[in-house]
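For ligands, and for the atoms within them, numbers begin at 1 and follow the listed sequence.
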Amino acid sequence: MTDAKLIDGTVFSGKLRETIASRVAEMKGKHRITPGLAVVLVGEDPASQVYVRTKGKRTVETGMNSFEHKLPADTPEDSLLLLIDSLNKDPAVHGILVQLPVPKHIDTQKVIEAIDPAKDVDGFHPVNVGRLAAGMDALVPCTPLGSLLLLKDNLGKLGGLDAVVIGRSNIVGKPMAQLLIRESCTVTIAHSQTRDLPSVVRRADIVIAAVGRPEMIKGDWIKPGATVIDVGINRIDLPDGKTRLVGDVDFASAVKVAGAITPVPGGVGPMTIACLLRNTLVACARQHNLPEVEF
Ligand code: NAD
C-alpha cells in the first residue's frame, strides 16, 4: 500500500490568506472600510506571546488593522472587562480575541461572555455556540473551521461519511462535531471515557484527533483509506535532550494506512490564524451590512 497523501495546511492557509488580502483590498477600495482585529494578552506566557505576535503580523500582512493590548499578569478582572467593553464600542475594531489561558484570578467564562457576539472572532461566546448548533450563521471557532476547510478541499462533499471526533472540548471537539453534522456526516464524539476507542476509530471515514496526548492514535486503529486530521500539538523530549512537535496521531504508522493525513507541524496549525483573519473579515462585512463573504 502506498503512503497517504499529505494534506498541506501551510500551502492551503497561504492561499486562504491571499484570498482574504484581496477581499480586504476590495473592502478598502469600494467601501473605505479597513477590517480591524484587537488581540488582548494578559500576562507573559511565552507561548501566548508568540501566538499574539504571529497573529498581529499576519493581520497586518492581509491589509487589516491590528490592535494589540498587552496587560500585566496581575491585571484585575474588572480592568480587563472595561477594556473589552471599550473594544466592543470601538467602530474601528471588528474582531476581538482575548488570548487564552488568562491568569487564574480571572474568570475565563466571564471574559468570553463580555465580548460582543458580533465581534467574537474566536466563536466561543454562548450566542455563537448556540447559533452554530442551531444551524444559523455564526462565528465559528478557528481550529475546527480550519480543519473543515482542509477536509472539504481534500474530499469535496462530506455528506453520508462516518466521522469520529476524538475530544469534546469547547474549543475544538464540540464545534468540530457541529460542523460535521452541518455537512451531513454521521458523527461520533469520543472522549476520555469512551470504551474500546480503537474499534470506534476503525469505523470512521474521517478521523479528527483533538486529545492532547502525543501519538496516541495508532495506524492499526485507522480504517484503510480514511482521512485523518490531527489537531494535536504536543512537544515531546528526545533522548538527545532536544524536543520535537508531534500530533495526537502516531504519524509513522498512520501514514501507511490512511488515504490522506495532516502532518504536525504544517497541517491544522497554520489554518487557525488564517481562519481568525477570515472570521474578522466576515464579522466586519456583517457589521457594515455588506454582502456575505464566502470561503
Ligand atoms: P482539551 O484538553 O480541552 O480536551 C481534550 C479532550 O480529549 C477532552 O475532551 C478529553 O475527554 C479527551 N481525551 C483525553 N484523554 C483521552 C483519551 N485517552 N481517549 C479519548 N479522549 C481523551 O484539549 P483541546 O483544547 O481540545 O486541544 C486538543 C489538542 O489540540 C491539544 O494537543 C492542543 O494543543 C491542540 N490544539 C491545536 C490547535 C491548533 O491550532 N492546531 C488549537 C487548539 C488546540
Numbering as shown, the atoms of ligand 1 that approach G167 to under 4.0 Å (heavy-atom distance) = 6 (C), 7 (O), 9 (O), 12 (C)
ask   = In the single-linkage hydrophobic clustering (I, L, V, M, F, W, Y; side-chain heavy atoms under 4.5 Å), do F67 and L139 co-cluster?
value = yes
remark   = heavy-atom search around atom 8 (C) of ligand 1 in the protein gives R168 N, 3.9 Å
Shortest protein heavy-atom distance from atom 20 (C) of ligand 1, along with the residue and atom involved = H191 O, 3.1 Å
message = Between D137 and R131, is the salt bridge (Lys or Arg N to Asp or Glu O under 4.0 Å) condition met? List the steps.
response = CA-CA 6 Å; D137 279 340; R131 291 180 68 91; 5.5 Å; no
inquiry  = Check for me, please, whether L41 and V102 land in the same ILVMFWY cluster - side-chain distances under 4.5 Å, paths through other members count.
reply    = no
task = Using non-hydrogen atoms of the residue, decide whether A210 is closer than 4.0 angstrom to ligand 1.
result = yes
For ligand 1, the portion of T143 having any non-hydrogen atom under 4.0 Å away = side chain
ask   = Any idea which part of R213 is under 4.0 Å from ligand 1, heavy-atom wise: side chain, backbone, both or neither?
value = side chain
remark   = If you scan protein heavy atoms around atom 44 (C) of ligand 1, the nearest is V172 CG2, 3.9 Å
task = Identify, for atom 10 (C) of ligand 1, the protein heavy atom at the shortest distance, and state residue, atom and that distance.
result = S192 N, 4.1 Å
task = Give the atoms of ligand 1, by number and element, whose distance to some non-hydrogen atom of V268 is under 4.0 Å.
result = 41 (N)
message = At under 4.0 Å between heavy atoms, is it the side chain or the backbone of M216 that contacts ligand 1, or both, or neither?
response = side chain
key: Residue pair V211, H191: steps toward the side-chain contact (heavy atoms from CB on, under 4.5 Å) verdict   = CA-CA 8 Å; V211 189; H191 46 76; over 6 Å; no
task = Using a strict cut-off of 4.0 Å, indicate which atoms of ligand 1 neighbour a heavy atom of G269.
result = 41 (N)
key: Per atom 37 (C) of ligand 1, closest listed option by heavy atom (T262, L276, V231, I229)   = V231
Identity and distance of the protein heavy atom lying nearest atom 14 (C) of ligand 1 = V211 CG1, 3.6 Å
query = Can you check side-chain hydrogen bond (donor to acceptor under 3.5 Å, both in side chains) on K55 and Q99, steps first, answer last?
reply = CA-CA 11 Å; K55 282 167 186 168; Q99 185 67 45; 2.7 Å; yes
query = Any chance CZ of R235 has more than 12 other-residue heavy atoms, nucleotides or ligands included, within less than 6.0 Å?
reply = yes
Option with minimal heavy-atom separation from atom 29 (C) of ligand 1, where the choices are G212, P175, P144, P141 = G212
ask   = What's the spacing between E77 CD and H105 NE2 if we round to 0.5 Å?
value = 7.5 Å
request  = Decide yes or no for I273 and C142: does some side-chain heavy atom of the first lie under 4.5 Å from some side-chain heavy atom of the second?
outcome  = no
Nearest-neighbour protein heavy atom for atom 25 (O) of ligand 1, which is reported as residue plus atom name and distance = S169 OG, 4.0 Å
key: Presence of salt bridge, K256 and D3, under 4.0 angstrom   = yes
message = Quick check against the 3.5 Å criterion: does N128 have a side-chain atom that pairs as donor or acceptor with the backbone of P117?
response = yes
request  = Could you tell me whether T272 approaches ligand 1 through its side chain, its backbone, both or neither, with non-hydrogen atoms closer than 4.0 Å?
outcome  = side chain
message = Please list the nearest protein heavy atom to atom 33 (C) of ligand 1 with its residue and the distance rounded to 0.1 Å.
response = I233 N, 4.2 Å
message = Could you check whether K119 and Q287, counting side-chain N and O atoms only, form a donor-acceptor pair closer than 3.5 Å?
response = no
task = Determine whether the side chain, the backbone, both or neither of N234 has a heavy atom under 4.0 Å from any heavy atom of ligand 1.
result = side chain
